[in-house]
J.: 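The structure's right below; bear with me while I get my questions together.
For ligands, and for the atoms within them, numbers begin at 1 and follow the listed sequence.
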Amino acid sequence: MTRALSARQRTLATWWAEGTGTESREGVIAEGAIRSGKTWAMVLGFLLWSQRRFSCQRFIVAGVTVEALKRNVVGPMGEALRQLGWAWSFNRSESRISIGTNTYHLFGANTERSQDALQGLTAAGCYADEVALFPKSFVDQMVARCSVGGSKLWFNCNPSYPSHFFKTEFVDRADELNLLHLHFEMSDNPTLSQEVIDRYERMYTGVFYDRYILGLWTLAEGLVYPDYADALEDERPDADAVEEWAVSLDYGTQNAFAALMWARAGATWHVVGEYRYSGRDEGRQKTDADYVEDMRAFAAGLPRGTRFFADPSAASFIAAMRRAGFKVYKARNDVMDGIRETGACMARGDVRVWSGCEGLVRELSGYRWDSRGGDDRPVKVEDHSCDALRYGVASLRINEGRKARGYSMWGATHGQGVHRHV
Ligand SMILES: Nc1ncnc2c1ncn2[C@@H]1O[C@H](COP(=O)(O)OP(=O)(O)O)[C@@H](O)[C@H]1O
Ligand SMILES: [Mg+2]
C-alpha cells in the first residue's frame, strides 16, 4: 500500500525544509488534475512541517464541509500518521485532532457565513483542501488568522473557470505572494495504473474533462452536452424489461413546465417520455391543480408509489402533489454537479434518451454555456427539460449507483470512501 512519492509529490511534502531553496516561501499551491496525489502528499508535508516546526500551536484544516474533510483528508491523515508511527486523537464532536502538543481544527467552508467560525482564532498555519470550492471570504479570513511567526499556507484544488478568484488572486500571483506553485497531472500519482486513468478519463466530458483530467483552468463554452446525440435511442425498452420507474420535473407557470418519465432496465436508465406545457406559448397559465391532473394522466399506468423528483423551489406545487397522494421529493439541485454527472452518465451509456422526447432533444441541441459572465453557468433559456434531466440523474443518483453496483473506480486505497467533490 505504501508507495514512494513521485518527484512532484516529494516537492510538495518537503518544500519547507532547510536546504530545499524554497523554505522561505510563505506557502504552497498544488493545483491540477483530480486523483493526481495532491491531497496525499500535502497531508504528509503539512503534518511533517507542523510537527517539526511548532509545539502548542493551533492549525486550521478546512474543506468544503467537515464531512468532506473527514472523508477526503482525515482518512489519509490517519494513514500517514500510522506510517509515521505518531499517536493522535480525534475529538469528533468538536472536530479537532490532537497530535503531540498541537491541535488541528476542522472547518467546513461552504457558505459566506463559514468564515464566522474562524473569528478570533490565531493559527500557525492552514491546510485548505479543494480551496477553489470555498467562498473568497473564507480564504481571506483563513489567511488573516495565520499570524504566528513562521506560519505557512497550504492550498490544493482542481481547476475551475479562468476568472475564478483563486486563479486570479492566488495562482496567477503566486510569485508576488511568495507562494510555491506546483501543477499536478495524473502521472504525478505513482499508484494509478493506466487502466484506472483510462476509466477516469471516461467519467468526464466537455469542460469537466479539460479541468479534472487535463488540469486546465478552462472556460465553459459551447454546448453543455456536446455529445448528447450519442445518448439518443430510437427504441424504448420493453415494458416487461423495466424494473423501476420515476418522474423528474421542472416547474413553471409562465415558463415551460417540463416532466420526464424514467425507466430503468438493468443498469441503464432510459428517458422514455415527456410532458411539456408553456403558459407563455399557450397564452394561458395552468394552476397547480391543473398540473396535478396533468401529472396524473402522464403517470397513468406507472406503479403506485413511483417517485417524483421536483424542482425544489416549487413548494406550492410539491404540497399540492403530496395532498393528491403522489410520492414527491425535492430534487438535488446543484447545477454544476448535476451537469457533470449527467454528461458522464450519457457518455457511459448509463442514461439513454428516447428520440421521441422532442422537447428534450430540441433543448439538448441548443443548451449552451453562457461564457459572457466568465464563470460557470448555462444560458437560462429553453433549459426546462434539461433541468428535469439533471434533476433525474442527480436525484436517482445514477452516477453513484454505478459505484454502488461495484464498478467502483474510486480505488479507495485507504478506505476513506467516495470522494464527492473530486
Ligand atoms: N505516493 C502515494 N502512495 C500511496 N498512495 C497514494 C500516493 N499518492 C496518491 N495516493 C493515493 O491515490 C489516491 C488519489 O490521491 P489524492 O491525493 O487523493 O489525489 P488528489 O487530491 O489530487 O485528488 C488516494 O487514494 C491517495 O491516497
Ligand atoms: Mg484531493
J.: Under 4.0 Å, heavy-atom basis, I'd like to know which part of Ser6 is in contact with ligand 1: side chain, backbone, both or neither.
T.: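 Under 4.0 Å from ligand 1, Ser6 contributes no heavy atoms.
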
J.: State whether the side chain of Glu363 and the backbone N or O of His384 hold a donor-acceptor pair below 3.5 Å, judged by distance alone.
T.: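 Yes, Glu363 side chain to His384 backbone: donor-acceptor pair under 3.5 Å.
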
J.: Within a 6.0 Å radius of atom CZ on Arg53, are there more than 12 heavy atoms belonging to other residues, nucleotides or ligands?
T.: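 Result for CZ/Arg53: enclosed.
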
J.: Please list, in number order, the atoms of ligand 1 under 4.0 Å from a heavy atom of Arg35.
T.: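 This gives 13 (C), 14 (C), 19 (O), 20 (P), 22 (O), 23 (O), 25 (O) as the contact atoms.
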
J.: Please work out which of Thr39, Leu192, Ile34, Leu5 has its closest non-hydrogen atom nearest to atom 21 (O) of ligand 1.
T.: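 It is Thr39 whose heavy atom sits nearest to atom 21 (O) of ligand 1.
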
J.: State whether Thr39 contributes an N/O/S atom found under 2.8 Å from the Mg ion (ligand 2).
T.: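 Short answer: yes, at least one N, O or S atom is under the cut-off.
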
J.: Given that the side chain starts at C-beta and the backbone is N, CA, C, O, which of these parts of Met42 lies under 4.0 Å from ligand 1, counting heavy atoms, or is it both or neither?
T.: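 For Met42, no heavy atom sits under 4.0 Å from ligand 1.
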
J.: Can you tell me how far OH of Tyr200 sits from CD1 of Ile34, rounded to the nearest 0.5 angstrom?
T.: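 One gets 6.0 Å once the value is rounded to the nearest 0.5 Å.
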
J.: Please find the pair of heavy atoms, one from Asp210 and one from Thr218, that lie closest to each other, and give the distance.
T.: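 So the two residues come closest at CB-OG1, 3.3 Å.
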
J.: Can you give me every donor-acceptor pair (side chain of residues 314-322, partner residue at least two apart or in another chain, under 3.5 Å) with its distance?
T.:
unit_1 : atom_1 : unit_2 : atom_2 : d
Ser316 : OG     : Asp288 : OD2    : 2.8
Arg322 : NE     : Val328 : O      : 3.2
Arg322 : NH2    : Val328 : O      : 2.8

J.: Nearest non-hydrogen contact with atom 10 (N) of ligand 1 belongs to which option: Thr191, Val196, Asn158, Asn156?
T.: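 Answer by nearest heavy atom: Thr191.
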
J.: Show the nearest heavy-atom pair for residues Lys327 and Gly305, with the distance to one decimal.
T.: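 Result for this residue pair: CD-O, 3.5 Å.
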
J.: Any non-hydrogen atom of Ala30 lying under 4.0 Å from ligand 1?
T.: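 The answer is no: ligand 1 sits nowhere under 4.0 Å from a heavy atom of Ala30.
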
J.: Heavy-atom contact under 4.0 Å between Pro76 and ligand 1?
T.: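 Pro76 does not count as a contact of ligand 1 under the 4.0 Å cut-off.
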
